[in-house]
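Counting starts at 1 for both ligands and their atoms, following the listed order.
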Amino acid sequence: MKNFNITAKIQICSYDELHPEEKKLIDCSKEACSRAYAPYSQFRVGAAALLANGEIVTGSNQENVAFPSGLCAERTALFYANSQYPEHAVRSLAIAAYTQGDFVDKPISPCGACRQVILETEMRYQNPVRIFLYGKSEIYIIEGIKDLLPLAFDAIVTSDE
Ligand code: THU
């Protein structure tokens, strides 16, 4: 029997270490938390996607009394970006979360379904999505979804043209 070890690369930094455009993207994801509809979880998530044309598109979690009908912030932002600007790749995605009167101290990480959608976005545009996970005490930077979704299912994705 053989072992197959998988490693993930995650950079940790502070807000002050970021470039102005990276700070702006994170600020947009934080602002987006205020537009969440989260009456059931009281957990407000914001996502901001930077597109290849320089546009920033945001999304927030939108809950529903029939729980599975709600949608995470990341997918709200990416589906909006891909539907409004289908010709522009998503270059990076920032994610922030706000609960109990404050932003989370340690970053939260996208759920499995959102990771799969980020992967599809990368494949669709043949471009890795740089991911910023915001926490008050530290920010994680991940260069592409492969570090969050190893051994991903990507078997049958093909062009829709
Ligand atoms: N949520 C997101 O929007 N993104 C994540 O990365 C994790 C979870 C939402 C789903 C639900 O509305 C609330 O946060 C609590 O799980």
Give the atoms of ligand 1, by number and element, whose distance to some non-hydrogen atom of Ile108 is under 4.0 Å. 5 (C), 6 (O)
Glu63 heavy atoms within 4.0 Å reach ligand 1 at atoms 11 (C), 12 (O), 13 (C)
State, yes or no, whether a side-chain contact exists between Glu63 and Pro39 at a heavy-atom distance under 4.5 Å. yes
Region of Ile95 engaging ligand 1 - heavy atom pairs below 4.0 Å: neither
Which atom pair, heavy atoms only, marks the closest approach of Tyr125 to Pro86? OH-O, 2.9 Å
Of all the atoms in ligand 1, which lie at a distance below 4.0 Å from a heavy atom belonging to Cys72? 1 (N), 2 (C), 3 (O), 4 (N)
Atom indices of ligand 1 within 4.0 angstrom of Glu74 heavy atoms, with elements: 2 (C), 3 (O), 4 (N), 5 (C), 6 (O)
Under a 4.5 Å cut-off applied to non-hydrogen side-chain atoms, are Cys111 and Glu74 in contact? no
Within a distance under 4.0 Å of any heavy atom of Ser41, pick out the atoms of ligand 1 and give their elements. 13 (C), 15 (C)
Pro110: numbered ligand 1 atoms lying under 4.0 Å from its heavy atoms: 6 (O)
Indicate yes or no for a side-chain donor-acceptor contact from Arg91 to the backbone of Leu50 under 3.5 Å, with no hydrogens or angles considered. no
Atom indices of ligand 1 within 4.0 angstrom of Ser109 heavy atoms, with elements: 6 (O)
Dump the intermediate steps for side-chain contact (heavy atoms from CB on, under 4.5 Å) on Val57 and Gln84, then the final yes or no. CA-CA 9 Å; Val57 164; Gln84 293 297 308; over 6 Å; no
At less than 4.0 angstrom from any non-hydrogen atom of Asn61, what atoms of ligand 1 do you find? 3 (O), 9 (C), 11 (C), 12 (O), 13 (C), 14 (O)
Taking non-hydrogen atoms only, is Cys114 closer than 4.0 angstrom to ligand 1 via side chain, backbone, both or neither? neither
Are a donor atom and an acceptor atom from the side chains of Gln62 and Thr76 found within less than 3.5 Å of each other? no
